[in-house]
K.L.:
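I have a structure I would like to understand better, so I am pasting it below and will then ask my questions one at a time.
Only a predicted model underlies this, so the values are computations on that prediction, with no experimental measurement involved. The chains referred to below are lettered A, B, ... by the order of the sequence lines, with proteins before strands, and numbering in each begins at 1.
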Amino acid sequence: MGEDKKKLSPELKEVLKKAFNEEWRKELRKSISAKERMKLSRQNMPEREPFERNKDFEEVNLGLDQEKAVKEAQRCLDCANPQCVMGCPVGIDIPSFIKLIEKRKFLESAQKIKETNALPAVCGRVCPQETQCEELCNLNKATGSPVAIGNLERFVSDYEREQGKVHIPKLPASTGRKVAVIGSGPGGLTVAGELARKGHQVTVFEALHVPGGVLAYGIPEFRLPNYILDAEVSYLKNLGVEFRMNFVVGMIRSIQDLKKEGYEAIYIGTGAGLPNFMGLPGENLIGIYSANEYLTRVNLMRADLFPEYDTPVFLGKKAVVLGGGNVAMDSVRTAQRLGADEATIVYRRSRKEMPARVEEVHHAEQEGIQFHFLTNPVRYISDEHNRVKAMECIQMELGEPDSSGRRRPIPIKGSEFIMEVDLVVVSIGNSPNPLIGKVTPGLEIGKWGNVEVHWDTMATSLDGVYAGGDIVRGGATVILAMGDARVAAREMHQYLSS
Amino acid sequence: MVKILNRKKLVPNIHMIEISAPDVVEKCQPGQFVMLMPDKKGERIPLSLADWDKDKGSITCVFMAVGTSTQKLTRLNQGDEIPVCVGPLGKPAEIDKFGTVLCAAGCYGIGAIYPIARALKKAGNTVMTLIDAKAKYLIYWEDRFKKISEKYFVSARDGFYDCKDYIPKVLKDVLEENPIDRVVSIGCTYLMYTCSEATKHLNIDTYVNLNPLMVDGTGMCGACRLRVGKGTKFACVDGPEFDGHEVDWNELFYRRKSYFDDEIRSMCYWERTKKQRK
Ligand SMILES: Cc1cc2nc3c(=O)[nH]c(=O)nc-3n(C[C@H](O)[C@H](O)[C@H](O)COP(=O)(O)OP(=O)(O)OC[C@H]3O[C@@H](n4cnc5c(N)ncnc54)[C@H](O)[C@@H]3O)c2cc1C
Ligand SMILES: Cc1cc2nc3c(=O)[nH]c(=O)nc-3n(C[C@H](O)[C@H](O)[C@H](O)COP(=O)(O)OP(=O)(O)OC[C@H]3O[C@@H](n4cnc5c(N)ncnc54)[C@H](O)[C@@H]3O)c2cc1C
Ligand code: SF4
Ligand code: SF4
Ligand code: FES
């Protein structure tokens, strides 16, 4: 599922070229030679000490200060052909915002990013930059050390928020056209922002009581503090976006109802919220969670503050998380922060195949997380109260590459062994949320339960109904969801204008 | 915020609460539930819809005060607000013309089964009701059930009614003496289990509204999962109504008790701090 759009549109090319040719940019380029710039070394992101931070939920990364940010911005060569932009699914004018940092025009820089990305403080924190913009950065090719684009993005958006000078763009006169956005994940928020800025009347419908989707209930505080998300949401409210929380589309109203109520264009951004289990014997024992449940209890319901908050969560002493993605890293680091003596990742392939971001794996290792590679559970063993007390595992070896290009893990006969555990978090992926597909006649659903779209327009099989993000791709990334959302918003605007 | 229109004690420990919820009312059907949060730091808990009023835009739930969340609900009064009430959630109960249906309910289930019994009656069934309670003073809504029931039975232990037996015995007699085609049961897990066991060898279809722990109530977390037949189901989206003969009761009993110690800690904490808070 999914398609990467590594092409620059002619309009974007034009924008980049124009900016590149501005006088101040020319001067700035001349002020330090490219050769000199290439000699500067990458500014490290300061972070908290591993054994201090692994006991609380405060943010791990501390952010660049102004001096570091300016120094890092100087490393950017301001390329005539900025490859970095091709790696950004929302097409941020990366050289422009970085050069504004070099000129210390931080607020203008933040506004530059917001022209195409409504959630820069989020993306600067959670984007897999190393495989997106930074991978394609020309400096990466030349020196192996790309410009820290994500860290800079985070710096300026934090600066803007901390100064209390969040710029609200002037809105055009209302078009009076109503748009419904279903789901308030990064995709939904992006569509809402884009269309509100075009003067449409946008309502976001969200099933949970807090907006943000995975950003709110999934990604933990130590990577993405709630106040960051709150600020981004209140920015959208300032743009006139209305939020209807506790509203499950499909149960409370159908898509057809929304159309009848005058919502002319509808965006489905309901995400991949259906947790996958492995179907192993004993999987329903007490002490075995899906990552969604585990993280929701902690991030959304604040079980870390129990009993001040009413929702409890099991505090494992020997916590095991199954999986190798970002979700698994978040879960295992959460278990450790909640006081586990041992917090362990059990992953069926080897380190190399782990889909998690490099930074997250690195942070987890620093914090003392253990890794069992090439290991898979076979069944769970219970105590007399139906609580999990051990897990039988089997050792794996890697065979031929499968359809995902990764080498297929194969169990080694006779290698079974028992591992003592008292908390298991199953984090082997999520599937697209099935509800809307089930109750919406005419909406075409693919074989993974995903909503089918035309990739150039993100239009579904229903007139005026668009979709994007994890509901279309299965579990993907924040920035891909936002990229889809931008395409959809452009098309929805056209649809509304024609 | 969601407005409370009324809250009153029906019998000791069981309360009804009427909530202004125009969005819920429009689509709700018998057997569905809402998730609500008593306050900002509270849990999301599921409560069945016991009644609703389309004109007023209100829903009514009946709940038993068992832990922190439900105790908090008992302190709400007309005009108070709660942060979350979302629904209708879950699949509606199956309503069709089955013939003679026995509705067997206890504690909060007396309220929760009422809309199902009413709908079954409307669909042309002969409805019989069996209410289980420790004693007469714990029975509520008797008049409502009498109005729609062909026969009305009680199993109680206080000798007021002409029965000194617990539900298994009464149920056995009822099933022997009446041509029951289907049983629907809501109440504590034990009651639903007992009903399912009693009808199994008689091959009478028996449906129960299960009450596992929930977190989101929308199919996102798997907290409510339980084994039914050969597969694992999520009660909030695949249920809450399931074939009682297929349910893995043992698993459900254990899962429901899984946070016992925490629940007690939570209650103690709340007791200790509630004065400062209010
Ligand atoms: C723990 C975790 C960590 C992650 N870490 C990263 C990371 O570091 N970097 C990264 O790029 N990606 C990461 N991801 C993936 C990323 O979060 C997702 O790809 C992204 O959030 C998808 O966005 P979305 O807009 O499609 O939907 P989601 O964020 O999934 O939001 C969907 C929203 O729709 C709501 N909804 C669902 N059904 C309905 C309905 N019927 N009516 C109304 N509302 C509904 C849901 O409640 C939810 O709020 C992570 C995911 C998880 C779970
Ligand atoms: C779909 C669904 C519908 C439900 N409908 C209703 C309803 O209409 N009315 C209602 O009162 N409850 C209903 N329940 C149960 C209700 O959600 C719980 O009673 C509630 O979550 C308890 O929260 P608490 O914080 O007060 O108690 P907790 O502190 O969570 O629980 C305290 C203790 O009481 C036990 N307990 C909890 N609920 C019950 C119960 N109902 N009977 C006996 N023991 C119990 C628990 O196992 C626990 O040991 C429903 C559950 C589900 C899944
Ligand atoms: S949004 Fe993500 S991909 Fe785009 S520039 Fe920022 S960090 Fe890179
Ligand atoms: S490719 Fe790298 S060096 Fe070139 S403009 Fe982009 S960030 Fe700067
Ligand atoms: S309560 Fe979360 S999936 Fe049912």
K.L.:
Please flag which part of Val84(B) lies under 4.5 Å from any non-hydrogen atom of chain A: side chain, backbone, both or neither.
P.N.:
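For Val84(B), the contact with chain A is made by backbone and side chain together.
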K.L.:
Side chains of Glu26(B) and Arg253(A): does their closest heavy-atom pair fall under 4.5 Å?
P.N.:
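Yes - at least one pair of side-chain heavy atoms lies under 4.5 Å apart.
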K.L.:
Applying a criterion of heavy atom separation less than 4.5 Å, what residues of residues 296-304 of chain A form contacts with chain B?
P.N.:
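Thr296(A), Arg297(A), Met301(A), listed by number.
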K.L.:
Side chain from CB out, backbone as N, CA, C, O: work out which of these in Lys40(B) comes under 4.5 Å of a heavy atom of chain A, or both, or neither.
P.N.:
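Looking at Lys40(B), just its backbone touches chain A.
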K.L.:
By a 4.5 Å heavy-atom criterion (distance strictly below it), what part of Leu226(B) contacts chain A: side chain, backbone, both, or neither?
P.N.:
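The answer is the backbone of Leu226(B).
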K.L.:
Inspect the surroundings of NZ in Lys27(B) and state if more than 12 heavy atoms from other residues, nucleotides or ligands are less than 6.0 Å away.
P.N.:
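Correct, the count exceeds 12.
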K.L.:
Could you pull out the closest heavy-atom pair between Glu293(A) and Tyr259(B), with the gap in Å?
P.N.:
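Heavy atoms only, the tightest pair is OE2-OH, 4.2 Å.
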K.L.:
At a 4.5 Å cut-off on heavy atoms, which part of Val313(A) comes close to chain B: side chain, backbone, both, or neither?
P.N.:
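For Val313(A), the contact with chain B is made by the backbone alone.
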K.L.:
What residues of residues 202-214 of chain A sit under 4.5 Å from chain B when only non-hydrogen atoms are counted?
P.N.:
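Residues Ala207(A), Leu208(A), His209(A) are the ones that qualify, each having a heavy atom under 4.5 Å from chain B.
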K.L.:
Relative to chain B, which of Ile252(A), Asn292(A), Val248(A) shows the most heavy atom pairs under 4.5 Å?
P.N.:
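Highest number of pairs under 4.5 Å: Ile252(A).
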K.L.:
Against chain A, work out which of Gly217(B), Gly87(B), Pro83(B) has the most heavy-atom pairs shorter than 4.5 Å and name it.
P.N.:
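Most heavy-atom pairs under 4.5 Å with chain A: Gly87(B).
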K.L.:
Given the options Leu295(A), Asn433(A), Ile288(A), which has more heavy-atom pairs under 4.5 Å with chain B than any of the others?
P.N.:
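Winner by heavy-atom pair count: Ile288(A).
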K.L.:
Just checking Lys257(B): does its NZ atom have more than 12 heavy atoms from other residues, nucleotides or ligands closer to it than 6.0 angstrom?
P.N.:
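No, NZ of Lys257(B) has 12 or fewer neighbouring heavy atoms, counting only those of other groups under 6.0 Å.
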K.L.:
For residues 230-242 of chain B, please give each side-chain donor-acceptor pair under 3.5 Å, one per line with the distance, not counting sequence neighbours.
P.N.:
{"unit_1": "Thr232(B)", "atom_1": "OG1", "unit_2": "Asn284(A)", "atom_2": "ND2", "d": "3.3"}
{"unit_1": "Asp238(B)", "atom_1": "OD2", "unit_2": "Phe234(B)", "atom_2": "N", "d": "2.8"}
{"unit_1": "Glu241(B)", "atom_1": "OE1", "unit_2": "Glu94(B)", "atom_2": "N", "d": "2.9"}

K.L.:
Using the test side chain to side chain contact (heavy atoms under 4.5 Å, CB included), find all partners of Glu420(A) that sit at least two apart in sequence or belong to another chain.
P.N.:
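Side chain to side chain contact (heavy atoms under 4.5 Å, CB included) check on Glu420(A) returns Lys318(A).
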K.L.:
So which part of Met35(B) gets closer than 4.5 Å to some heavy atom of chain A, the side chain, the backbone, both or neither?
P.N.:
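Neither; nothing under 4.5 Å.
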K.L.:
Look at atom CZ of Phe277(A) and say whether more than 12 heavy atoms of other residues, nucleotides or ligands are closer to it than 6.0 Å.
P.N.:
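Yes, the 6.0 Å shell around CZ holds more than 12 heavy atoms from other groups.
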K.L.:
Could you pull out the closest heavy-atom pair between Glu43(B) and Pro312(A), with the gap in Å?
P.N.:
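Answer, listing the atom of Glu43(B) first, then Pro312(A): OE2-CD, 3.8 Å.
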K.L.:
Please classify the contact of Asn430(A) with chain B as side chain, backbone, both or neither, using a heavy-atom distance under 4.5 Å.
P.N.:
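No part of Asn430(A) comes within 4.5 Å of chain B.
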K.L.:
Mind checking the CZ-CG spacing from Phe253(B) to Asn386(A)? Nearest 0.5 Å is all I need.
P.N.:
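Rounded to the nearest 0.5 Å, the CZ-CG separation comes to 12.5 Å.
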K.L.:
Inspect the surroundings of CD in Gln78(B) and state if more than 12 heavy atoms from other residues, nucleotides or ligands are less than 6.0 Å away.
P.N.:
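No, because the 6.0 Å sphere around CD of Gln78(B) holds 12 heavy atoms or fewer from other groups.
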K.L.:
Is there a side-chain contact between Ser290(A) and Met220(B), using heavy atoms and a 4.5 Å cut-off?
P.N.:
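Side chain of Ser290(A) against side chain of Met220(B), heavy atoms only: no contact under 4.5 Å found.
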K.L.:
Among Arg44(B), Arg227(B), Glu251(B), single out the residue with the greatest number of heavy-atom pairs under 4.5 Å to chain A.
P.N.:
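Top option by heavy-atom pairs under 4.5 Å: Arg44(B).
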K.L.:
Tell me, for Tyr217(A) versus chain B, whether the close heavy atoms (under 4.5 Å) come from the side chain, the backbone, both or neither.
P.N.:
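For Tyr217(A), the contact with chain B is made by the side chain alone.
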K.L.:
Roughly how far, to the nearest 0.5 Å, is CG of Asp310(A) from NZ of Lys41(B)?
P.N.:
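The NZ atom of Lys41(B) sits 9.5 Å away from the CG atom of Asp310(A).
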K.L.:
What is the minimum heavy-atom distance between Tyr254(B) and His385(A), and which atoms define it?
P.N.:
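Nearest pair, atom of Tyr254(B) first, then His385(A): CD2-O, 3.4 Å.
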